[in-house]
Amino acid sequence: MENHAIASLLEETADLLEISGADSFRIRSYRRAAEAMEQSTQQMREIVAAQNATRELLAIPGIGKGMAANIEEIVRTGRLAAREELISQYKPTILELLKLPGMGPKTVALLWDAQKIGDVDALEKAARAGELDALPRFGKKQVEKILKGIEEYRRHTGRFRIDVADETAARLAEAILAFPGIEVVTPAGSLRRGRETVGDLDLLVTGPACEEEVVAAAVEHVASLPEIASILARGQNKVSFLMHNGLQVDVRLLPQKSYGAALQYFTGSKTHNVALRQRALKYGYTLSEYALARMKDDSVVASATEEEIYRALDLDWVPPELREGLGEIDAAEAHKLPKLIELKDIHGDVHMHTDATDGRNTIREMVEAALERGYSYIAITDHSRNLAMTNGLDDRRAAGQVKRIREVDAEMEGRIRVLAGIEVDILGDGSLDLSDHVLAEMDVVIASVHTLLNQPAEEMTERILRAVENPYTRILGHPTGRLLLKREPFAFDLNAVLKRCAELGVAVEHNAAPERLDLKDRDLRLAHELGCNIVVNTDAHHTTHLEKMKYGVLQLRRAWLTKDDVLNALPAKKFLAKLRSKP
DNA sequence: GCCGTTTTCGGCCCGACTGTTTTCAGTCG
């Protein structure tokens, strides 16, 4: 049983407890435990199998005696009796009702108690038949809202990739800024924290036009943006709407004096904010989206910027990417927050394709684009022959490609280093699909798991390990295989593979392209903990794809990585030296 | 159910919006 699955069971138990009207603090501890499971870099099944299982479980923050027993039960039996007992009082499908907008545990409980409604279809039927009208708090509008919610739910349930949300935010910001007196638009929420996907978009807006007396006109401007598909809610200083692609956007217009408090509040995460508010209470303060204020007389301590709020709580300012309740508050108190890697620290991109295979630009064009970005080196790494659909290079063409790369490198006269590389496939026996004498010519050999077939975990792990152990392999490409496998849990033993990479000095690729999602935060933290060298790159098939590097860097920041932890933050010479030496 | 320089009981985060309940409960972020 994977951590993710354990988290789901705990989360569902929390939902069921909520429907059954249990103590809210008990519910919270289930949710907190679920979050801890999601974020842990250790597999619970390994902890439970160990000698001192209970003690190790208790060491995880948010896990006490009761929850440790629950986790052990889940790992051993695959089930949680407490959850099954709760679900037997309802229908298993009752949990999907909670996913409808405006539907919370109290309403779900009411629907069940009154009419035994336990799934979306039954709810829709009852709503259309007018059977809900007799229930308390069910007026005409409420029923309409439910039907609309069901329609939304069926049309769209997923989350949006960070790049989609980022581009949408930029476009909306431009339109909002067109209003005179609006000066700043900042995305908050999970987009600001740099998560791989976002559920909805939070935009915070300020400027003279957002002061209380005049804000109505600015709200009207936002509510009439042409990009809006439908308005969900509209308040004095807030507009919520849906875009045509189904993305929900919440725009809040705030006076300048409380902008920092709002930015802090709406950036989250929930866990981080709860911890921060608890800390505020210890200081005799209360923290809200308006201000950090003294409890006794409501006088404001800090509100205009995030920095002053953190400072007033004796904390260093915490970068948004770290605000996930993973120890950042303690680190901020001790002045031990890491100096996170930044986009400008990246000196090179060592995974790119050209028109020799499935890229769209020449070597020369890729080099020019890299120069424009200020890189001091790149590696050209086209596909090898096994990937026939991309016109992959065989031994002869690969050797020719190396020659051309060297020529371009010479033409650059030191303005940029152009390294010769290849992205090879791992074959059925774990070998690489080009000859040793060709691989020996390469500066960078990326052994990619991206064409491995989805087969039993043990065989897959064995093949990948063999490829990692190949003396020519410098980088393990697409290390989680997510690209191809498209399913969780991992179909091979990632832990064992990363461990071997660390031992052998084979670097692990972190692909920056949001559509790949090769390594998630958790995978990156695991790789780092195991001591792997990490390389961030864009797998660029086109010059413009180099722009994606910024998303990869966000992920590295979320994993608490500094520039010392990332191989291509080093200059070319050191980068090559740090790669495994040639056999 | 968790947790502890006010500890083993008694706490545990805050405010706005919505709809309809003329005083507030439920949901959401």
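Labels below follow one simple rule: chain letters A, B, ... track the order of the sequence lines, proteins then strands, and each chain is numbered from 1.
Side-chain contact of A:Thr41 with A:Glu529: a donor-acceptor pair under 3.5 Å is present, judged by distance alone. With 3.5 Å as the limit, one finds a donor-acceptor pair spanning the side chains of A:His272 and A:Glu328.
Note on A:Ser29: every side-chain N or O is 4.0 Å or more away from OP1 and OP2 of B:dC12. An OP1 or OP2 oxygen of B:dC12 is reached within less than 4.0 angstrom by no side-chain nitrogen or oxygen of A:Ser24.
Backbone-only engagement by A:Tyr30 is indicated by non-hydrogen atom pairs under 4.0 Å involving sugar-phosphate atoms exclusively. When heavy atoms are screened at a 4.0 angstrom cut-off, A:Lys282 is found touching no nucleic acid atom at all. Residue A:Ile27 is classed as having no contact, given no heavy-atom separation below 4.0 Å to the nucleic acid. Within 4.0 Å (heavy atoms only), A:Leu98 reaches no atom of the nucleic acid at all. If you check every strand for non-hydrogen atoms under 4.0 Å, A:Arg234 touches sugar and phosphate atoms only. Within 4.0 Å of A:Pro101, counting heavy atoms only, lie sugar-phosphate atoms of the nucleic acid but no base atom. Residue contacts shown for A:Leu276 are absent, as no nucleic acid heavy atom lies under 4.0 Å away.
Annotation: side chain of A:Tyr310 is in contact with side chain of A:Gln264 (closest heavy-atom distance under 4.5 Å). A:Thr538 has its side chain out of reach of A:Asn511: every pair of non-hydrogen atoms, C-beta onward, lies at least 4.5 Å apart. Annotation: side chain of A:Tyr259 is not in contact with side chain of A:Cys210 (no heavy-atom distance under 4.5 Å).
In this structure, CG of A:Asp298 is placed 12 Å from P of B:dC14, rounded to the nearest angstrom. Atom OH in A:Tyr265 sits about 6 Å away from atom C1' in B:dG15, given to the nearest Å. If you take CZ of A:Phe266 and C1' of B:dC17, they are 12 Å apart, rounded to a whole angstrom. Here B:dC2 presents its P atom at 12 Å from CG of A:Asp23, a figure rounded to the nearest Å. The CG-P distance, from A:Leu204 to B:dG29, rounds to 15 Å in whole Å. Rounding to whole angstrom units, CZ of residue A:Phe138 and C1' of B:dA25 are separated by 13 Å. Look at CE on A:Met103: it is 10 Å from P on B:dC28, rounded to the nearest Å. Distance, A:Met295 CE to B:dG15 P: 11 Å, rounded to whole Å.
When the C1' atom is used for both B:dA16 and B:dC9, the distance is 34 Å, rounded to whole Å. For the C1' atoms, the distance linking B:dC17 with B:dT23 amounts to 16 Å, nearest Å. When the C1' atom is compared between B:dT20 and B:dC14, the two are found 24 Å apart, to the nearest whole Å. Rounded to a whole angstrom, the distance from the P atom of B:dC12 to that of B:dT6 is 15 Å. Look at the C1' atom in both B:dT8 and B:dC3: the space between them is 10 Å, to the nearest Å. Nucleotides B:dG1 and B:dT5 are separated by 24 Å at their C1' atoms, to the nearest Å.
Here the closest heavy-atom approach between residue A:Phe138 and residue A:Ile146 is recorded as CE2-CD1, 3.4 Å.
Set against B:dC12, B:dG29, B:dT20, the side chain of A:Arg28 has B:dC12 as its closest nucleotide. Of all nucleotides listed (B:dG1, B:dC12, B:dG29), B:dG29 comes nearest to the side chain of A:Asp200. Side-chain proximity of A:Phe25 to the nucleotides B:dT27, B:dC14, B:dC12 is greatest for B:dC12. Between B:dG1, B:dC17, B:dT20, one nucleotide has an atom nearer to the side chain of A:Gln142 than all others, and that is B:dT20. Of the listed nucleotides (B:dG26, B:dG29, B:dC12), B:dG26 has the atom at the smallest distance from the side chain of A:Lys106. Here the nucleotide nearest the side chain of A:Arg137, chosen from B:dG26, B:dG1, B:dG29, is B:dG26. With distances taken from any side-chain atom of A:Leu281 to the nucleotides B:dC2, B:dC17, B:dC14, the minimum falls on B:dC14. Candidate nucleotides B:dT27, B:dC14, B:dT20 were compared by shortest atom distance to the side chain of A:Thr107, and B:dT27 ranks first. When each of B:dC17, B:dT27, B:dG29 is scored by its nearest atom to the side-chain atoms of A:Asn237, the top-ranked nucleotide is B:dC17.
Between the side chain of A:Ser269 and the main chain of A:Arg323, a donor-acceptor pair closer than 3.5 Å is present.
Shown here, B:dT8 forms no base pair; nothing in the strands shown gives a Watson-Crick or G-U wobble contact with both key distances under 3.5 Å.
Toward the 5′ end of DNA chain B lies the nearest nucleotide of A:Lys238, the other residue of the pair A:Lys238 and A:Lys270 mapping further downstream. Nucleotides of DNA chain B nearest to A:Gly64 and A:Gly104 differ in position, and the one nearer the 5' end is that of A:Gly64.
In summary, of the residues considered (A:Ile231, A:Val249, A:Leu203), a side-chain contact (heavy atoms from CB on, under 4.5 Å) with A:Val239 occurs for A:Ile231 alone.
Looking at A:Tyr290, its side chain has no donor and acceptor atom pair within 3.5 Å of the base of B:dG15.
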